[in-house]
2 protein chains.
Amino acid sequence: METGNKTTGVRVRIVLTPDVALGPGKADLLEGIAESGSIAAAGRRMKMSYKRAWMLVEEMNRVFREPLVLSARGGSKGGSAQLTPTGQTVLENYRRLQDRVAEAGQGEIGAIRALTRDMSDGK
Amino acid sequence: METGNKTTGVRVRIVLTPDVALGPGKADLLEGIAESGSIAAAGRRMKMSYKRAWMLVEEMNRVFREPLVLSARGGSKGGSAQLTPTGQTVLENYRRLQDRVAEAGQGEIGAIRALTRDMSDGK
DNA sequence: ATTCGATATGTTCGGCCGGGAATATCGCAA
DNA sequence: TTGCGATATTCCCGGCCGAACATATCGAAT
């Protein structure tokens, strides 16, 4: 289905500035916006408050040279949001990064997981 | 110098259980313990309170089948700590994972960074 | 003009996470 | 046997983060 699961596997974060990073959360948010055409809907989908979703979008739009998300107020639907070409590029590259990481690191990840205690056996 | 820098590049976290993960922080802590032979010293080195360092160690020792760190109280130096073979294996695999991720993802990471606004020149 | 739903933004409030201090315990060495 | 330094553990407290409310604003459609 979709990637970037939180409760298992590996998570990748690109540290862009000392206090701004791009990880699974923002990537999923971008994807949700692209699919739903709305910041609010994307936020609801991942059980995130609109305020927080909007703050993440605002943060992303700040750190990149061009905004990743364009939003519009008003209209028949009340408003809308969509990814810019830059936003699509960032999302695509992040998803590809996730895939490559999962593949390139499967040996090490497996080696580490094999040493963990829970699940795998009964309990 | 050393790996696993926090303020730049990419960070990898292996989610082991819904609320326990292995990331750069714990890896650096393991490395510090291996080098200093002390939880307290490793914590000081990375400006982390002893309490927090000890809690992280305790957490790691719990999620893995065998402890990653063995600690001893008393003695001429007051006490000591060292990595078990399992601990060394985990640390080695994590470091190798970091390297592989950095290499395998350099294209995507570069593509994303190239779109950011700040510091792209030397600095 | 009124309605509607989403964007945009401020404010408040509670939880919880981590730091710091305090305390106990251990074992070797002097 | 006393001292030392690190491990082990508890308690308190302030700060920060996010949730939840509360508004304000916009624009197309009715």
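Sequence lines set the chain letters: A, B, ... in the order given, protein chains first and strands last, and positions in each chain run from 1. On a predicted model such as this, the values are computed, not experimentally measured, just so you know.
- Counting heavy atoms from C-beta on, the side chains of B:Val57 and B:Asn61 come closer than 4.5 Å.
- In this structure, B:Arg13 and B:Pro24 approach most closely via the heavy-atom pair CG-CD, 4.3 Å.
- Nearest-nucleotide positions on DNA chain C place A:Lys77 closer to the 5' end than the other of A:Lys77 and A:Glu58.
- Nearest-nucleotide mapping onto DNA chain D: of B:Tyr50 and A:Gly78, the residue sitting toward the 5' end is B:Tyr50.
- B:Arg113 and A:Ile14 get closest at one heavy-atom pair: NH1-CG2, 4.1 Å.
- Evaluation of the salt bridge (charged side-chain N to carboxylate O under 4.0 Å, His left out) rule for A:Glu103 yields no partner, not counting sequence neighbours.
- Contact annotation: A:Trp54 does not reach the phosphate of C:dT7 (side-chain N/O to OP1 or OP2, under 4.0 Å).
- Rounded to an integer number of Å, the gap from B:Asn61 CG to D:dT7 P is 13 Å.
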Side chains of residues 67-78 of chain B: which donor-acceptor partners sit under 3.5 Å, not counting sequence neighbours?
none

Table of protein N/O atoms under 3.5 Å from nucleotides 28-30 of chain C N/O atoms:
none

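- Within the 4.0 angstrom heavy-atom criterion, only backbone atoms of the sugar-phosphate kind lie near A:Ala72; the bases stay farther away.
- As a whole-Å value, the separation of B:Arg73 CZ from D:dG3 P is 20 Å.
- We find that CZ of B:Arg44 is positioned 15 Å from P of C:dG19, with the value rounded to whole Å.
- With sequence neighbours left out, the side chain to side chain donor-acceptor pair (under 3.5 Å) criterion links A:Glu58 to A:Arg62.
- Atom CG of B:Leu56 is separated from atom P of D:dT7 by 14 Å (rounded to the nearest Å).
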Donor-acceptor contacts, no H, no angles, side chain residues 40-55 of chain B, under 3.5 Å, sequence neighbours left out:
from: B:Arg45; atom 1: NH1; to: B:Glu35; atom 2: OE1; distance (Å): 2.6
from: B:Ser49; atom 1: OG; to: B:Arg52; atom 2: N; distance (Å): 3.2

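- Across all non-hydrogen atoms, the minimal contact from B:Val20 to B:Lys26 is CG1-NZ, 4.5 Å.
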Please tabulate, one pair per line, each protein N/O and nucleotide N/O from nucleotides 10-17 of chain D that are separated by under 3.5 Å, including the distance.
from: D:dC11; atom 1: N4; to: B:Lys51; atom 2: NZ; distance (Å): 2.8

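- When B:Asp28, B:Leu83, B:Leu29 are each tested for a side chain to side chain contact (heavy atoms under 4.5 Å, CB included) with B:Leu91, only one passes: B:Leu83.
- A straight line from CG of B:Leu70 to P of D:dA6 spans 19 Å, rounded to a whole angstrom.
- B:Arg45 has its CZ atom 14 Å from the P atom of D:dA6, to the nearest Å.
- At the phosphate of D:dG5, neither OP1 nor OP2 sits under 4.0 Å from any side-chain N or O atom of B:Ser38.
- Side-chain N/O atoms of A:Ser49 include one lying less than 4.0 angstrom from OP1 or OP2 on D:dA19.
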